[in-house]
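I have a structure I would like to understand better, so I am pasting it below and will then ask my questions one at a time.
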Amino acid sequence: MIAALALVVGLALPAVQDPLPGTVRGTIRSAGDGTPLAGATAAMWAADAVRPAHTDSTGSYLLRAVPPGRRVIRAWRPDHEPLEVEVEVPAGGEVMLDLSLRPRVIPLAGIRVRAEALPGASGGGEADGTPAPSAALQVTGMKSLESTPGIAELGLGGDPRGTPGQAPPDPSGVLYVRGSAAELKLVLLDGAPVYTPFHLGGVLESFEAEALGAARLYLGGAPARYGGGLAYVLDLSTRPGRGEGVRSTGSLDLLSTRITAEGAVAGRVRYLLAGRALHQWGFAPLAGDPLPYGYGDAVARVDVELGRESALSLTGFHNREAARLDTLPAGRDRVEWG
């Protein structure tokens, strides 16, 4: 009796078990030109809907665990019309279903833009009257990349090597900025001659671009006020600080840090401060040894309004450079200049 009952139950189990689910796969393309639609969505549209599938770069999709029977498959993408297709999914089987969606235009609401001039704005410059940087400023960066470490020929006080029959000038009367090749014959910062501004390490740019406002490059035929006979003159000018409020920017990476601050005092005095330096915070942990080179510089400019058409401008520049030499004894292997 028990054996007969077990046989009846065993024969009835397949009838009450759920049928095996099927799969639906295929591609979704644009009906306009037939290109595959990446990022489109395909899903079974029903109360017991399965998890939707998204197409890959080839427009292919795959719906798993789809209950057998008549099912509605819906496909859509925001820039195409949605499409619904009814298919018969066999138990445990697979249906190949390729779909084409019609493109559609998505209307966007209009955008209204209104701009108001800030106090003190003037035409041709920035909102606070600061003139826009000259396109010639790009020359500085390009020349820095082309240059190799060296020492330029001219500086404040004349040629430091001296001229035939004359002693060299006092080194304390020369402003040095170590760096690029001798082709940089003369570089001026706000009218003061500096030695090639590309420093020895080459890790940073020649000058802090945030502090510069204009640049003039002469390749032959330089005006007489530059000394005459020079084939290469790069005349750099810093910009005045912006007068609207106080502004500051900064950045920090694995090797260097930068900071710029500018603003106005009492409405008649503008200032601009810019500085940068190399640090050990990122290099030493990664390399297991301190960075063998150090560099830092700072530029400061103050503009004082004396009258409606007159002003006094003061510019200061300072730099310091250091290198560790393996040829020197320990404890005395660091040399500095600036």
Side-chain angles (χ1 to χ4, degrees), residues 124-126 129-160 173-228 230-242 249 256 258-262 270-277 295-303 311-321 338:
E126 298 184 4
T130 303
S134 168
L137 282 175
Q138 301 176 4
V139 175
T140 306
M142 291 187 294
K143 285 299 179 182
S144 298
L145 296 176
E146 297 170 0
S147 303
T148 55
I151 300 179
E153 298 178 353
L154 295 178
L156 183 62
D159 191 333
V174 179
L175 175 62
Y176 286 91
V177 181
R178 306 283 294 200
S180 57
E183 66 169 304
L184 299 181
K185 303 301 181 181
L186 181 59
V187 178
L188 301 120
L189 180 63
D190 283 352
V194 299
Y195 274 92
T196 50
F198 189 54
H199 56 85
L200 183 64
V203 182
L204 301 173
E205 297 87 349
S206 299
F207 281 103
E208 179 57 59
E210 286 291 331
L212 295 180
R216 296 180 181 87
L217 176 64
Y218 299 95
L219 299 176
R225 67 187 182 91
Y226 292 111
L230 294 173
Y232 186 107
V233 177
L234 180 60
D235 191 356
L236 301 171
S237 300
T238 58
R239 64 174 179 85
R242 297 180 175 91
T249 59
S256 64
R258 305 164 185 258
I259 187 170
T260 302
E262 56 187 315
R270 294 188 180 188
Y271 64 88
L272 171 67
L273 307 173
R276 57 188 182 163
Y295 181 80
D297 63 22
V299 178
R301 172 168 172 167
V302 178
D303 293 86
L312 174 64
S313 298
L314 304 175
T315 303
F317 175 79
H318 174 77
N319 77 333
R320 196 67 180 169
E321 195 167 7

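The chain is numbered in sequence order, starting from 1. In what follows, every heavy atom counts, from backbone to side chain, and hydrogens, waters and symmetry copies are set aside.
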Nearest heavy-atom neighbours spanning Glu208 and Ala274: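 Minimum heavy-atom contact is CG-CB, 4.2 Å.
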Return the CZ to CG distance between Arg216 and Leu236, rounded to the nearest 0.5 Å. 10.5 Å
Distance-minimising heavy-atom pair for Arg301 and Ser313: NH2-OG, 3.7 Å
All salt bridge (Lys or Arg N to Asp or Glu O under 4.0 Å) counterparts of Arg320, not counting sequence neighbours: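 In terms of salt bridge (Lys or Arg N to Asp or Glu O under 4.0 Å), with neighbours along the sequence ignored, Arg320 is linked to Glu336.
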Residues forming a side chain to side chain donor-acceptor pair (under 3.5 Å) with Thr249, sequence neighbours excluded: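 Thr249 satisfies side chain to side chain donor-acceptor pair (under 3.5 Å) with no other residue.
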Can you find a heavy atom in the side chain of Leu212 that is under 4.5 Å from one in the side chain of Leu189? yes
Report yes if some heavy atom in the side chain of Arg239 is under 4.5 Å from a heavy atom in the side chain of Glu262; otherwise report no.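 In short, these two side chains touch, coming nearer than 4.5 Å.
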Quick one: are Val302 and Leu312 in side-chain contact, heavy atoms under 4.5 Å?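 Not touching, per the 4.5 Å side-chain cut-off.
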Run through Val233, Val187, Leu188 and flag the one making a side chain to side chain contact (heavy atoms under 4.5 Å, CB included) with Pro193.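 When Val233, Val187, Leu188 are each tested with Pro193, the side chain to side chain contact (heavy atoms under 4.5 Å, CB included) holds only for Leu188.
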Might you point out which heavy atoms bring Gly191 and Asp235 nearest each other, and give the distance in Å?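 Heavy atoms only, the tightest pair is N-OD1, 4.5 Å.
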Just by distance, do the side chain of Asp190 and the backbone of Thr238 share a donor-acceptor pair under 3.5 Å?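 Looks like yes, one N/O pair under 3.5 Å.
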Gly241 and Asp303: which non-hydrogen atoms are nearest, and at how many Å?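 Heavy atoms only, the tightest pair is N-OD1, 4.5 Å.
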Atom pair CG/CZ of Asp297 and Arg258 - distance to nearest 0.5 Å: 9.0 Å
